[in-house]
Amino acid sequence: MTEQLRLAVIGAGAMGRDHIRYIQDDADARLVAIADPMPATEQVAKDAGVPWFADYQEMLECTALDGVVIASPNHLHVPMARETIKHGIPTLVEKPISDDLDDARAFAAEARVSGVPVLVGQHRRHNPKVRRAKEIIESGALGKIVTVAILYNLYKPDTYYDIPWRRQKGAGPILVNMVHDVDLMRYLIGEPVEIQGMSANAARGFEVEDSAVATVRFANGTLGTITLSDSAASPWNWESTARENPFFAPYDTDAYYIMGTKASLSLPRLHLFSHAGGVSDWTKPFVCEVQGVREGLPHRLQLKHFERVIRGEEAPLVTPEDAIKTLEVLNAVKRAADGGELVRL
Ligand SMILES: NC(=O)c1ccc[n+]([C@@H]2O[C@H](COP(=O)([O-])OP(=O)(O)OC[C@H]3O[C@@H](n4cnc5c(N)ncnc54)[C@H](O)[C@@H]3O)[C@@H](O)[C@H]2O)c1
């Protein structure tokens, strides 16, 4: 058996506690420290049986670590990751890589020069269903992809917004949630070149938006839409449909629709629709083939990947450079929504 990797978590909030659990459950890793200035998180460390640090820098100074997971508020990701790479520690940093594009670009260059691997926590890419969808698309089974429609509409409890940073600039569902949809959209369809958008805060009235829509033109000619709201009581979102996290009650429907000239695919159920006889003909009935995949929880698969990255066996699946491209699209959505213009990337 290989030696267990010594991992620490910076930021023991909602997501950080999930990471803590995944590490504790993993046979190849060992949680060795937690850093979070919030006094209540001392108990999280006590429960986990590891030292607690109010100051993450102190933790980095005095703990032997093979890897660090950063799950702090978005604006702290880059400053913290700068410190972890300064210490030469491979880092899994939560999405979005930053709330500041220029800073993210500067950091990506620093990380590249340092040679210390940095993996960005776009966990959905590790979902076996997403991997299968990519294979189906690349096989040409859909023909030319003409349109894509992505839905992310759910109702976050009002208490979610009791935490101030979530209401303020630098947070909001475009950065916090659409980041996943844009990342998958880029992974599955290609790079966007033009964006139009609108956003609204009419449901909650906070500084950040609660709803947004974006229309996208891709370099390959595909057109797409993303419809997002965290104030809509609807099952048409990845969390309710993908069964990635038992916290969300599952509902058997889809959230992504990818339409091609030969066939169309919906996710996460992986329903592949084509006309009977295999030739597109609107007089023919549809056949729906359900594509099977092995199950696997993406956050846990992401941790396994991070371990292989630490061991030098794999390169990070989502690099800072890759995450920056996603951030550029999100910034374009925001600019388009704020200014009402068409944004070219
Ligand atoms: N990949 C996913 O599925 C997923 C899901 C939810 C959130 N996230 C991401 O995880 C991050 C955290 O989100 P959350 O919902 O857990 O937020 P949260 O507010 O619940 O937790 C953030 C934690 O960071 C701590 N923190 C603040 N300053 C710190 C510092 N200087 N040093 C160490 N810790 C510090 C806070 O005290 C808090 O406990 C965000 O970037 C979010 O986008 C990812």
Side-chain angles (χ1 to χ4, degrees), residues 8-22 33-45 48 50-61 63 68-84 91-100 103-104 119-127 130 152 154 156-157 159-184 208 230 237-240 242-248 297-303 305-306 317-318 320 323 326-327 330:
V9 173
I10 300 177
M15 192 60 228
R17 287 194 297 272
D18 281 352
H19 282 296
I20 288 167
R21 207 177 60 250
Y22 301 136
I34 291 171
D36 192 313
M38 204 192 280
T41 60
E42 190 172 1
Q43 189 58 45
V44 178
V50 298
W52 171 76
F53 294 85
D55 178 353
Y56 77 97
Q57 308 240 35
E58 193 191 331
M59 180 186 79
L60 297 179
E61 290 297 336
T63 315
V68 169
V69 178
I70 298 175
S72 55
N74 302 341
H75 66 281
L76 294 175
H77 291 175
V78 161
M80 288 175 164
R82 277 202 170 99
E83 292 302 314
T84 57
T91 300
L92 164 52
V93 58
E94 264 304 339
K95 43 52 64 174
I97 183 160
S98 175
D99 60 353
D100 180 315
D103 205 27
L119 170 68
V120 182
Q122 300 286 171
H123 69 278
R124 286 188 200 167
R125 287 233 206 153
H126 302 268
N127 190 324
V130 171
Y152 187 91
L154 48 59
K156 285 183 189 161
T159 51
Y160 173 91
Y161 281 103
D162 287 347
I163 297 174
W165 76 269
R166 293 178 175 170
R167 301 193 296 267
Q168 293 156 3
K169 225 170 161 12
I174 291 180
L175 257 188
V176 172
N177 304 113
M178 197 190 278
V179 62
H180 288 298
D181 298 307
V182 166
D183 179 65
L184 280 198
V208 293
D230 74 3
N237 62 80
W238 194 263
E239 320 294 8
S240 301
R243 295 165 200 266
E244 287 185 345
N245 185 342
F247 175 80
F248 297 100
L297 285 180
H299 279 111
R300 292 186 191 279
L301 294 168
Q302 176 179 261
L303 177 59
H305 170 63
F306 183 45
L317 179 65
V318 185
T326 293
L327 210 52
L330 295 172

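When a ligand or atom number is given, it counts from 1 through the structure's own listing order.
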Show the atoms of ligand 1 that are less than 4.0 angstrom away from any heavy atom in [X].
X: M80; answer: 29 (C), 30 (C), 31 (N), 32 (N), 33 (C)
X: H180; answer: 1 (N), 2 (C)
X: I10; answer: 33 (C)
X: H77; answer: 41 (O)
X: H123; answer: 1 (N), 2 (C), 3 (O)
X: G121; answer: 1 (N)
X: P73; answer: 22 (C), 24 (O), 26 (N), 27 (C)
X: H299; answer: 1 (N), 2 (C), 3 (O)

Taking distance alone, with no angle check, do [X] and ligand 1 share an N/O pair under 3.5 Å?
X: M15; value: yes
X: D36; value: yes
X: A14; value: yes

Quiz item: Thinking salt bridges, do D183 and R124 make one under a 4.0 Å N-O criterion?
Solution: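 The answer is no: the pair does not qualify as a salt bridge.
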Self-check item: Ion pair R17/D36, N-O distance below 4.0 Å
Solution: no
Quiz item: Heavy-atom contact under 4.0 Å between E244 and ligand 1?
Solution: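 Checking ligand 1 against E244, which is what was asked, there is no heavy-atom contact under 4.0 Å.
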Practice problem: Please confirm whether Q122 comes under 4.0 Å of ligand 1, counting heavy atoms of the residue only. | Solution: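 No, that is not the case, since the closest heavy atom of the residue is not under 4.0 Å from the ligand.
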Quiz prompt | Test item: W238 and E244 side chains (from C-beta on) under 4.5 Å apart, heavy atoms | solution =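 Yes, side chains in contact.
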Quiz item: Any side-chain donor-acceptor pair under 3.5 Å between Y152 and D181?
Solution: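 Side chains of Y152 and D181: no pair found under 3.5 Å.
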Self-check item: Between T159 and D162: side-chain donor-acceptor atoms closer than 3.5 Å
Solution: no
Quiz item: What's the spacing between T326 OG1 and K95 NZ if we round to 0.5 Å?
Solution: 12.0 Å
Practice problem: With rounding to the nearest 0.5 Å, note down the distance linking CD1 in I163 to CD in Q168. | Solution: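 One finds 11.5 Å between CD1 of I163 and CD of Q168.
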Quiz item: How far is atom 40 (C) of ligand 1 from its nearest protein heavy atom, and which residue and atom name does that atom have?
Solution: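 For this ligand atom, the closest protein heavy atom is N74 OD1, 3.3 Å.
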Self-check item: Protein contact of atom 1 (N) of ligand 1 - nearest heavy atom, named by residue and atom, plus distance
Solution: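 Answer, as residue, atom name and distance: E94 OE1, 3.0 Å.
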Self-check item: Parallel, tilted or perpendicular: rings of H123 and H180 (30°, 60°)
Solution: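 Perpendicular.
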Quiz item: Do the ring planes of H305 and H126 sit parallel (below 30°), tilted (30 to 60°) or perpendicular (above 60°)?
Solution: tilted
Specify side chain, backbone, both or neither for [X], according to which of its non-hydrogen atoms lie closer than 4.0 Å to ligand 1.
X: A71; result: backbone
X: L76; result: side chain
X: K95; result: both

Exercise. Kindly identify the option in G13, P37, P96, S98 whose heavy atom sits closest to atom 33 (C) of ligand 1.
Key: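 When every heavy atom of G13, P37, P96, S98 is considered, P37 comes closest to atom 33 (C) of ligand 1.
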